[in-house]
2 protein chains.
Amino acid sequence: MTQVGVELIVMTVRQRDLEVLLVRRPGNEWALPSGRVRGEHLATRASEVLNTQTGISGIRLEQLFSFDRDGTTQVAVTYLALIAADRYPLAPGDDIVEVRWCPLDDLPSLPPGHAGAIAYGHERLRAKTAYAPIAVQLLPETFTLGELHEVYEVILDAQLDARNFRRDVLAAGVVEEVGTERRSGPGRPARLYRSRGSEFAVIAQERGPAERISRLDVPTQHTE
Amino acid sequence: MTQVGVELIVMTVRQRDLEVLLVRRPGNEWALPSGRVRGEHLATRASEVLNTQTGISGIRLEQLFSFDRDGTTQVAVTYLALIAADRYPLAPGDDIVEVRWCPLDDLPSLPPGHAGAIAYGHERLRAKTAYAPIAVQLLPETFTLGELHEVYEVILDAQLDARNFRRDVLAAGVVEEVGTERRSGPGRPARLYRSRGSEFAVIAQERGPAERISRLDVPTQHTE
DNA sequence: TCAAAAGTGTTTCTCTTACACCCATGT
DNA sequence: ACATGGGTGTAAGAGAAACACTTTTGA
């Protein structure tokens, strides 16, 4: 008999900073939202735990990894999610004292394994951002290319040429113009865009057999 | 209380065909090697199950995905492995009647979910082969570039120009010459190579911020 | 000497990179 | 008017794709 739990790594970008969602139970340290799994399906349970403990619902969860844990929970199935912080107000659940966003580079003391899970989620986010347009999930319904650009820079922790970025994003067809503009402070008003979401997968262009071999062997969890 | 199990998807390439390792218990249909997890670590238990049921040991396992299952096992953590079939003789374990390699495109009836897990493993293999030199695991200690070429073609299910392939593999530095040659039937003898394995990760070249955005959104398991 | 497989080099073209300038607004 | 962020275009270079020929063996 093994105890199974789900753990949620919900990330956002604010003020050019990557942050993760943490909860605190009375008398306990900060931790990832997490809960025991009984009969339910893993993904179902993960949504439920997130909703119950933080008030967030209706977002995409992606299974990240299953970790060995000690304590009562022996196997923790982690889920990763990306959201725009201001689209989802936080509401601490019943047995939760506080919910808050916490910068990745300034984490408090956490239960064993949680920091590792967060680090792995961060790595995966970075890796996937490089080849899939998932970063739009971190922005509101409509956004400017400047905002998207900033999010990419934060995630990849690199400077991206704004002009090339714009060209590539538009060429990739992952966003569409919304028609309106936004003016905020000085500077020319920026056009607003929205993600094309799933329709886009269909349009997806085949890539040649180009990248068939690569120089990078991503270290993953292996065992002899 | 939830029952946790591990399932192993071990793949090989033979005669230009992708095959997966299946086992059969007395009175049961064919299935992936699998076993219950009790107190052990997941990866440890996965190695053990593989060894006990098929006689194979000492290979790299990569965690693939955790699936919901019905029956007694409610959560199945799957592991993916690539090996050269002829390097590992099969030895059916105690409660196993038969072990065999089975072509992916001609699977027998399997327990619910197993076919899906195999399909997902296949997809992952294909995707990862495109950017990481994992295919060498499917070959013996030493091999010719012709053999490696063939393995790539089988996995990617595409024709790769032999000359460009050779150039790129050598440039990537993932293999090194062994010095000897092999002659088999007519044709010029082929030089033998070996994988540079892990030393190679260090040499790994940084790639520019090139592939920052892409046209492909790999569909993954999501939930609302 | 012929068939079969291994190995080498070159040209073309696309995509990435790097970079300089104009536009529209708030103050 | 000027500072600030938004938007457009282009030229140079690297890398991918396509391709033709020589070499070495067994039969």
Side-chain angles (χ1 to χ4, degrees), chain A residues 15-16 129-131 139 142-154 156 158-194 204-216, chain B residues 15-16 129-131 133 139 142-153 156 158-194 204-216:
Chain A
Q15 275 91 46
R16 298 196 70 93
T129 298
Y131 70 90
L139 291 169
T142 63
F143 49 84
T144 70
L145 291 189
E147 290 166 339
L148 186 59
H149 180 228
E150 186 179 310
V151 167
Y152 267 82
E153 290 199 332
V154 171
L156 300 178
Q159 303 272 104
L160 301 178
D161 183 279
R163 302 164 286 216
N164 293 335
F165 178 82
R166 161 186 280 290
R167 165 172 47 71
D168 294 347
V169 168
L170 294 178
V174 297
V175 296
E176 63 187 1
E177 254 183 81
V178 115
T180 39
E181 296 186 331
R182 173 196 301 164
R183 54 206 69 209
S184 57
R188 176 172 172 172
R191 301 181 193 156
L192 288 172
Y193 293 80
R194 88 160 62 90
Q205 237 172 285
E206 268 286 333
R207 305 196 69 164
E211 59 252 87
R212 54 191 118 86
I213 305 110
S214 132
R215 299 153 187 81
L216 267 174
Chain B
Q15 276 89 46
R16 297 195 70 92
T129 298
Y131 70 89
L139 292 169
T142 63
F143 48 84
T144 71
L145 290 189
E147 291 166 339
L148 186 59
H149 179 227
E150 186 179 309
V151 166
Y152 267 83
E153 290 199 333
L156 299 179
Q159 302 273 105
L160 301 179
D161 182 278
R163 302 164 287 214
N164 293 336
F165 179 81
R166 162 185 279 289
R167 167 174 42 72
D168 294 347
V169 168
L170 293 178
V174 298
V175 296
E176 63 187 3
E177 254 186 86
V178 117
T180 39
E181 297 186 332
R182 172 197 301 165
R183 55 205 69 210
S184 56
R188 176 170 173 173
R191 301 181 192 154
L192 288 172
Y193 293 81
R194 88 160 61 89
Q205 237 170 285
E206 269 287 333
R207 304 194 71 164
E211 58 253 85
R212 53 191 119 87
I213 305 110
S214 133
R215 297 148 189 83
L216 267 175

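Values below: all heavy atoms of this structure, side chains included; hydrogens, waters and symmetry mates excluded. Chain letters run A, B, ... following the sequence lines, proteins first, then strands; residues in each count from 1.
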(message) Quick check on DNA chain C: between B:Arg167 and B:Glu147, whose nearest nucleotide comes earlier from the 5' end?
(response) B:Glu147
(message) Without decimals, in angstroms, what is the distance between A:His149 NE2 and D:dG5 C1'?
(response) 13 Å
(message) In this structure, how many angstroms lie between the P atom of D:dG7 and the CD atom of A:Glu177, rounded?
(response) 8 Å
(message) Strictly below 4.0 Å, N to O, side chains only: are B:Arg16 and B:Glu153 in salt-bridge contact?
(response) yes
(request) Grab the CG-P distance between B:Asp168 and C:dT8 for me, whole Å please. (result) 14 Å
(request) Check whether the side chain of B:Arg163 and the base of D:dA20 form a donor-acceptor pair under 3.5 Å. (result) yes
(message) Applying the side-chain contact (heavy atoms from CB on, under 4.5 Å) criterion to A:Arg166, which one of A:Asn164, A:Leu170, A:Val169, A:Asp168 satisfies it?
(response) A:Leu170
(request) Let me know the distance between CZ of B:Phe143 and P of C:dA6, rounded to the nearest Å. (result) 14 Å
(request) Hey, could you give me the CZ/CD distance between B:Arg194 and B:Glu177, rounded to the nearest 0.5 Å? (result) 11.0 Å
(request) Quick one: label A:Arg166 by what it contacts on the DNA or RNA (base, sugar-phosphate, nothing), any heavy atom closer than 4.0 Å. (result) base
(request) Please confirm whether any donor atom in the side chain of A:Asn164 sits under 3.5 Å from an acceptor in the base of C:dA18, or the reverse. (result) yes
(request) First locate atom CZ of B:Phe143, then atom NE2 of B:His149, and finally report the distance between them rounded to the nearest 0.5 Å. (result) 14.0 Å
(request) Using atom CG of A:Leu170 as one end and atom C1' of D:dG6 as the other, report the distance to the nearest whole Å. (result) 13 Å
(request) Measure from CG on B:Asp161 to P on D:dG15 and round the result to the nearest Å. (result) 19 Å
(message) From CZ of B:Arg188 over to C1' of C:dC2, roughly how many Å is that when rounded to an integer?
(response) 18 Å
(request) Provide, to the nearest angstrom, the distance between the CZ atom belonging to A:Phe165 and the P atom belonging to D:dG6. (result) 12 Å
(request) Please tell me which of B:Pro186 and B:Arg191 maps to the more 5' nucleotide of DNA chain C, matching each residue to the nucleotide holding its nearest heavy atom. (result) B:Pro186
